[in-house]
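Source: prediction; values computed, not measured. Indexing begins at 1, ligand by ligand and atom by atom, following the structure's order.
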Amino acid sequence: MKLVIKDLSKTYKNGVKALDSLDLEIGVGMFGLLGPNGAGKSSLMRTIATLQKPDSGSIYFGDVNVLEQQNDFRKVLGYLPQDFGVYPNMSALDLLDYFARLKGIAKNSERKEIVKRVLDVTNLYAVRSKSVSGYSGGMKQRFGIAQLLLNNPKLIIVDEPTAGLDPAERHRFLNVLREIGTNHTVIFSTHIVDDVNELCHEMAILNGGKLLARSTPKRAEEEL
Ligand code: ADP
Ligand code: ADP
């Protein structure tokens, strides 16, 4: 399903214009949102995730009017915010089971199956009995993905997930995203050009709340 953003603007109370009449269409696959710090990436992602309201503009996901049908949209959305990572001292297995319960998956056998599946996809099955609070930064990011996959979202939004990861963890994380991107629409923000080159079939460059370029990664590399 296509995400269609039209004429989206947001000025914060301090006068910063974070989104400036932004138009953007995103189809199935892995979409990279590239831009320096302060470009408006998080503002755009929080707006799509319906956590903050734009001043003007519209967002459609298929037929769903995202800004007006928030409850319908949230059911098909998986969002991993930046700096997500304070977890209780519980094993990944118990915590995912708990989240699955919160998401309304009542049947024990059903929860077991889906929890095993998301642990497999994120490469965390081997450490499922360890406490998430003791996970490394990269493991926590992958746990965040495991968590958002529980309700089988149609659109996945991940905000700067590789920031602060060491090269090996970054690589492991990108591999997980690549796998997920084969059958989901994934929007992924980063300020690292190599992230989009390695991963994305399409990308946009955001700067000052405006779209600077819309391209395939290889072409963008030549333009930069
Ligand atoms: P809005 O205009 O959407 O109501 P606010 O200006 O009230 O937004 O800020 C919302 C929250 O974001 C506040 O808790 C504020 O502390 C925080 N915030 C303020 N400035 C920044 C910033 N530069 N970057 C990130 N968060 C900020
Ligand atoms: P990015 O994710 O690309 O770093 P952001 O969307 O976080 O960009 O920020 C865009 C601009 O808006 C920055 O100048 C930032 O300081 C400002 N900003 C972000 N959130 C808030 C907020 N809640 N209140 C005020 N200013 C904000």
Side-chain angles (χ1 to χ4, degrees), residues 3-26 29-61 66-67 70 73-74 77-86 137-138 140-142 144-145 147-148 153 155-166 169-170 173-174 176-177 180-181 185-217 219-221 223-224:
L3 185 76
V4 180
I5 295 168
K6 284 212 174 109
D7 204 21
L8 204 64
S9 290
K10 170 72 179 179
T11 302
Y12 290 107
K13 283 176 194 131
N14 59 3
V16 172
K17 191 159 206 170
L19 300 173
D20 190 359
S21 303
L22 188 74
D23 293 315
L24 187 59
E25 287 193 16
I26 297 173
M30 182 69 68
F31 188 90
L33 190 65
L34 187 66
N37 282 329
K41 302 184 297 297
S42 292
S43 297
L44 176 59
M45 292 186 149
R46 286 197 301 262
T47 306
I48 299 170
T50 72
L51 294 174
Q52 73 179 37
K53 283 198 161 75
D55 300 326
S56 58
S58 68
I59 307 174
Y60 278 84
F61 185 58
V66 170
L67 299 173
Q70 297 192 357
F73 177 66
R74 283 175 187 169
L77 173 75
Y79 172 57
L80 184 64
Q82 214 178 339
D83 303 323
F84 196 61
V86 182
K140 279 182 181 156
Q141 287 294 56
R142 282 185 277 132
I145 298 289
Q147 192 183 328
L148 69 77
L155 176 68
I156 295 172
I157 299 179
V158 194
D159 196 354
E160 296 240 21
T162 59
L165 300 190
D166 68 38
E169 275 289 14
R170 175 175 162 267
F173 185 84
L174 293 181
V176 168
L177 269 197
I180 292 167
T185 296
V186 182
I187 308 174
F188 145 71
S189 79
T190 182
H191 59 268
I192 305 170
V193 180
D194 281 346
D195 280 356
V196 294
N197 280 336
E198 282 176 37
L199 216 60
C200 303
H201 73 295
E202 270 205 287
M203 61 164 301
I205 302 172
L206 201 64
N207 198 20
K210 278 188 203 281
L211 219 54
L212 268 193
R214 165 84 200 238
S215 194
T216 57
R219 248 189 296 150
E221 198 175 19
E223 281 167 17
L224 276 174

**Request:** Could you give me the CA-CA distance, side-chain angles and deciding distance for L24 and R214, then say whether side chain to side chain contact (heavy atoms under 4.5 Å, CB included) is met?
**Result:** CA-CA 9 Å; L24 187 59; R214 165 84 200 238; 3.7 Å; yes
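Considering backbone and side-chain atoms alike, L44 places every N or O at 3.5 Å or more from each N or O of ligand 2. In terms of polar-atom proximity, defined here as any N/O pair under 3.5 Å, K41 does make such a contact with ligand 2.
Between R46 and D159 there is no salt bridge, since no side-chain N of the basic residue sits under 4.0 Å from a carboxylate O of the acidic one.
Contacts between R46 and ligand 2, counted as non-hydrogen atom pairs separated by less than 4.0 Å, involve the side chain only. When non-hydrogen atoms are compared, ligand 2 lies under 4.0 Å from neither the backbone nor the side chain of S189.
The OG atom of S43 lies 11.0 Å from the CD1 atom of I48; values are rounded to the nearest 0.5 Å.
Distance alone, capped at 3.5 Å, places no donor-acceptor pair between the H191 side chain and the P36 backbone. A donor-acceptor pair under 3.5 Å is formed between the side chain of R74 and the backbone N or O of T50.
Not counting sequence neighbours, the partners of D20 by the salt bridge (Lys or Arg N to Asp or Glu O under 4.0 Å) test are K17, K210.
Residue V16 has at least one heavy-atom neighbour below 4.0 Å for each of these atoms of ligand 2: 11 (C), 12 (O), 14 (O), 17 (C). Atoms of ligand 2 lying under 4.0 Å from any heavy atom of A39, numbered from 1 in the order shown and given with element: 1 (P), 3 (O), 8 (O). For ligand 2, the atoms sitting less than 4.0 Å from at least one non-hydrogen atom of N37 are 4 (O), numbered in the order shown with element in parentheses. Close approach to P36 involves these atoms of ligand 2, each under 4.0 Å from a residue heavy atom: 3 (O). Taking a cut-off of under 4.0 Å to the non-hydrogen atoms of N14, the atoms of ligand 2 that pass are 25 (C), 26 (N).
Of the options G35, S43, A18, the smallest heavy-atom separation from atom 5 (P) of ligand 2 is shown by S43.
In plain terms, the two heavy atoms of L177 and M30 that are nearest each other are O-CE, 2.9 Å.
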